[in-house]
Number of protein chains: 2
Amino acid sequence: MVPDKTLPLDQILLGDCIETMNRLPARSVDLVFADPPYNLQLGGDLLRPNNSRVDGVDDEWDRFEDFSAYDEFTRGWLKAARRILKDDGALWVIGSYHNIFRVGAILQDLGFWIMNDVIWRKTNPMPNFRGRRFTNAHETLIWCTKGKDQKSYSFNYDALKSLNDDQQMRSDWLLPLCTGPERLKDAEGRKIHPTQKPEALLYRVLMATTQPGGVVLDPFFGSGTTGAVARALGRHYIGLERDPAYAAAAEARIAKVAPMREPDIVAIRSKRSEPRVPFGAIVERGMLRPGEVLFDERKRWSAKIRADGTLIAPSRDGGIQGSIHSVGAAVQGAPACNGWTFWHCTRDGMALPIDIFRQQVRAELAAG
Amino acid sequence: MVPDKTLPLDQILLGDCIETMNRLPARSVDLVFADPPYNLQLGGDLLRPNNSRVDGVDDEWDRFEDFSAYDEFTRGWLKAARRILKDDGALWVIGSYHNIFRVGAILQDLGFWIMNDVIWRKTNPMPNFRGRRFTNAHETLIWCTKGKDQKSYSFNYDALKSLNDDQQMRSDWLLPLCTGPERLKDAEGRKIHPTQKPEALLYRVLMATTQPGGVVLDPFFGSGTTGAVARALGRHYIGLERDPAYAAAAEARIAKVAPMREPDIVAIRSKRSEPRVPFGAIVERGMLRPGEVLFDERKRWSAKIRADGTLIAPSRDGGIQGSIHSVGAAVQGAPACNGWTFWHCTRDGMALPIDIFRQQVRAELAAG
DNA sequence: TCGGTAAGTGAATCTCGGG
DNA sequence: CCCCGAGATTCACTTACCG
C-alpha cells in the first residue's frame with residue numbers, strides 16, 4: 001500500500017484539528033482513529049473511602065457549554081474527517097456513555113455506515129466509590145465506513161481470527177488500562193496525559209482495519225498512542241494536536257518505538273487450534289513480542305512469533321506457518337501438539353513454557 | 001411499596017403504546033423497561049407513529065428519511081414514558097448499534113440522565129457468517145433517571161453486590177441468549193417471537209432498580225419476559241403490546257409463573273435504609289459511660305465521652321469537641337469520618353468498634 | 001536481595017434527609 | 001431554596017518502603 005507522498009506522513013501537526021484536516025487533500029487517508037473529548041460534566045470533588053481525592057478529568061478541553069455545543073463540535077470534526085478519508089477508508093471513535101450516543105447518531109446522520117460497535121472491557125476499572133451505580137467498567141468504540149454501499153473496506157478477518165486463537169474476534173475486548181511503564185510520566189512522576197489509551201487497544205484496531213504502509217490519521221493525538229502503534233506495525237501516522245506539550249511528549253515517545261520487521265507483521269491464514277485463552281492475547285499484551293523466537297524444551301526446533309499470533313518455523317520449502325499447535329506438530333512430524341506446553345521462551349536466562357502467560361491471562365479473566 | 005390502585009396492574013393492554021401510555025396517570029410507574037424495534041435496516045418491522053409503514057429504500061436521501069422517522073418514533077414513546085414515570089422512577093432501554101445511539105442521544109435531549117450504559121455480553125452469539133465484521137456479541141442497555149438532579153432513584157447496590165460474589169456489579173454482564181425450554185415456541189416448534197430476551201437479563205434489571213411491590217411498565221411487551229420476571233420477583237407489571245398473538249402468548253406464559261415467596265425476594269436491607277441511631281442513645285442506655293475514653297483502631301488518637309453524647313479530644317488549643325464523626329475527622333485532619341467504625345472501646349481487654357452497640361440497639365428496635 | 005505491608009491510582013456525570 | 005451534618009463507600013494493580 002503506497003500512500004500519497006504529498007501527505008505530511010509520520011508527523012505531528014500543531015493546531016486546531018478541523019482547520020488542519022481542511023488543509024489536507026480530500027480522499028487521502030485510509031483510517032481515522034479519534035479519541036475526542038468525552039464531555040464528562042463532572043461536578044465537585046469525589047473522595048475515595050480513604051478520603052483521598054480522585055484526580056478527575058477537569059481539563060479545559062473537556063468543557064462544553066451544553067449538548068448542542070458538543071454536537072456542533074462533533075459534526076465539525078466528523079465532516080472534516082469524512083472529506084479526507086478515501087472512499088474505502090474507515091473511521092473509529094472511542095467514547096463513554098457521556099458522549100458516544102451523540103457521536104454515533106451524528107455519524108449516521110453524516111452518512112457513515114456502522115460496521116460494529118466494540119466494547120473495551122477494562123480488567124481494572126476504577127470502582128464506584130459511593131455505591132450508587134454499577135462500576136463503569138467499559139468504553140465503547142464505533143467502527144464505520146463512509147457509506148452503506150462501500151464494500152471494499154479493509155478488514156483483516158484472518159489476522160484477527162489468528163490473534164483470537166482461530167476463533168472469530170468478538171465485539172467485546174478485554175484489555176487492561178494503560179498503567180505501569182507504558183504510561184507516560186513527567187520528571188515528577190505525574191501522568192502527562194489524563195486519558196492515555198493502552199497500546200493493545202490500538203494494536204487490535206490497526207491490525208483489524210489497516211494494511212501495512214497505510215495512513216492513519218488521529219485528530220486528537222494526545223499522548224500519541226496511535227502513532228506509536230502505527231510505527232511499530234509499519235503504518236504511517238498523521239497526528240493532529242492542539243497542545244504543544246502533548247505533541248512534544250508524543251514525538252519523543254514515538255521516536256523510541258522500534259518498527260517490527262515486515263515478515264512479522266504480514267497477516268496469514270492459519271488452521272484451527274484450541275480455543276480458550278488465545279495466544280494472540282499474549283502477543284497483544286506484550287508478554288511475548290513479534291519477532292521473538294520460541295524453542296522446544298531441548299532446543300531441537302525453533303519458531304518465530306508474528307504479530308498476528310501465528311508462528312513461523314524455518315524449513316526447506318520456505319517456512320511452516322500456523323498456530324503454536326500446528327507449527328509444533330509440523331516441526332516434530334507429529335500428528336498433534338499442545339503448543340502451550342511444547343514452546344518455551346527465555347526469561348532471565350531460563351527456559352519457560354509459554355503456558356505460564358496463559359495462566360496469567362486466565363487469572364485476569366477469572367478476576368474480570 | 002404500594003402502587004396506585006387505579007393502574008391496570010398485571011395486565012397486558014392491546015394497542016399503540018404511545019396512545020395507551022397517554023391514557024395512564026402521570027407520575028405513576030416506578031420503572032419503564034423498553035425493548036423497542038431495533039431498526040429500519042432489517043426492514044418490515046418499523047411503523048411510523050401514525051402507523052404508516054416505512055418503505056425499505058436504500059438510496060441516501062431515503063436513508064436519512066428512515067433515520068428521521070425512527071427518531072420521531074423514538075421521541076414519541078420516550079416522551080410518553082417520561083410523563084407516566086414517577087419523579088424518582090427510572091427507565092431502561094435495550095438496543096444494538098443500529099438504533100441505540102439515536103435512542104441514547106434523544107434520551108439526553110429529553111432531559112433523562114444516564115446512570116450507566118450496560119453491556120449484555122452474549123456467551124453464545126450468532127457468528128458473522130461472511131467474515132466481514134467482528135462477531136456482534138453484545139447488546140447495549142441504557143439505565144437513566146428523569147433528570148440530573150434526581151438523587152432518590154432506586155438502586156439496590158447491596159443486592160447486586162451479593163449477586164456478584166460480594167464485588168460491585170460491573171457494567172458488563174455475561175449472560176447466554178434465550179434458548180432451550182425458556183424460548184417460547186408454537187405447536188410446530190417455531191419460535192413465537194424473534195427477539196425474546198432472557199429472563200436472567202430482566203432479573204438483574206429488576207433486582208437492581210425496583211423494589212418489591214413496585215410497578216414496571218414495558219411498552220414493547222412482546223413475549224412478556226418483563227412480566228414473567230416481575231411476577232416471579234413480586235413486582236407489578238403493565239405490558240403494552242400491539243400484536244394480539246404476542247399478547248396471548250405472553251399472557252399464557254406469565255400465568256404459569258410461580259411468584260417467589262416474599263422472604264425470598266426481599267433483599268438484605270442496605271445500610272442506608274437502616275433506622276438512624278443517635279450516639280446519644282448509646283450513652284443514655286449505659287452501653288458507654290460519660291468519661292469513658294475511645295480510641296481509633298491503632299490507638300493513634302483518643303477522645304472522651306461526655307454526658308450529652310459528644311466527644312472531646314485533647315489538642316493544643318483546649319480540645320476538639322463535637323459528634324463522634326466530626327471529632328474523628330478533626331483528629332485525623334480528614335474531610336470526613338464515620339465515627340461508628342472509627343472509634344473503639346475496650347471490653348474484656350479487646351478493642352471493639354462502637355458500631356456493635358448501634359447494632360444491638362437496632363436489633364432491639366426490630367424485635368420491639 | 002527478598003518478602004511483606006502500606007500507599008497510591010485509574011475518562012467518575014458517585015449521599016441524603018432535615019430544618 | 002440552601003445549608004448542615006450524619007455517616008456510607010472500593011477493585012485491580014503498581015510502586016514505595018521497611019525490616
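Heavy atoms only: backbone and side chains are in, while hydrogens, waters and symmetry mates are out. Convention: sequence-line order gives letters A, B, ...; per-chain numbering from 1.
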**Q** On DNA chain C, reading 5' to 3', which nucleotide is the first and which the last to sit with an atom under 4.0 Å from a heavy atom of chain A, could you check?
**A** C/dT9 to C/dC16

**Q** Using the purine O4'-C1'-N9-C4 or pyrimidine O4'-C1'-N1-C2 torsion, is C/dT15 syn (within 90° of 0) or anti?
**A** anti

**Q** With DNA chain C as reference, determine whether A/Ser52 or A/Asp45 sits nearer its 5' end, using the nearest nucleotide of each.
**A** A/Ser52

**Q** Treating primed atoms plus P, OP1 and OP2 as sugar-phosphate and everything else as base, which nucleotides of nucleotides 3-10 of chain D get B, S or - for protein heavy atoms under 4.0 Å?
**A** ---SBBBB

**Q** Answer yes if the ring centres of A/Phe220 and A/Trp61 are under 6.0 angstrom apart, and no otherwise.
**A** no

**Q** Within the structure shown, what part of the strands sits under 4.0 Å from A/Arg133 by heavy-atom distance: base, sugar-phosphate, or nothing?
**A** base

**Q** Please list, chain by chain and in numerical order, all residues satisfying side-chain hydrogen bond (donor to acceptor under 3.5 Å, both in side chains) with B/Glu139, sequence neighbours excluded.
**A** B/Tyr38, B/Lys122

**Q** Do the ring planes of B/Phe155 and A/Phe134 sit parallel (below 30°), tilted (30 to 60°) or perpendicular (above 60°)?
**A** perpendicular

**Q** Testing the 3.5 Å rule here: is there a donor-acceptor pair between the side chains of A/Thr225 and A/Arg253?
**A** yes

**Q** Taking side chain as C-beta onward, heavy atoms only, is A/Leu78 less than 4.5 Å from A/Leu91?
**A** yes

**Q** Note every stem involving DNA chain D: at least three consecutive Watson-Crick or G-U wobble pairs, i with j then i+1 with j-1, with both distances under 3.5 Å.
**A** C:2-10 with D:11-19, C:15-19 with D:2-6

**Q** Identify all pairs in which a protein N or O lies below 3.5 Å from an N or O of nucleotides 17-19 of chain D, and state each distance.
**A**
none

**Q** Any chance the side chains of B/Thr209 and B/Trp92 put a donor and an acceptor closer than 3.5 Å?
**A** yes

**Q** Between B/Ile320 and B/Ile312, is there a side-chain heavy-atom distance shorter than 4.5 Å?
**A** no

**Q** Taking the side chain as everything from C-beta on, heavy atoms only, tell me whether B/Leu141 gets closer than 4.5 Å to B/Asp117.
**A** no

**Q** Which ones in residues 91-101 of chain A lie close to DNA chain C, meaning a heavy atom under 4.0 Å from one of its atoms?
**A** A/Tyr97, A/His98

**Q** Here's a test of your reading of the structure: between B/Ile114 and A/Asn124, which maps to the more 5' nucleotide of DNA chain C?
**A** A/Asn124

**Q** Grab the two heavy atoms, one from B/Trp343 and one from B/Val327, that are nearest each other, plus how far apart they are.
**A** CZ2-CG1, 3.9 Å

**Q** Checking side-chain polar atoms at under 3.5 Å, does B/Gln168 have a donor or acceptor matched by the opposite partner on B/Tyr157?
**A** yes

**Q** Would you say B/Ser323 and B/His325 are linked by a side-chain donor-acceptor pair, where the criterion is simply a distance under 3.5 Å?
**A** no

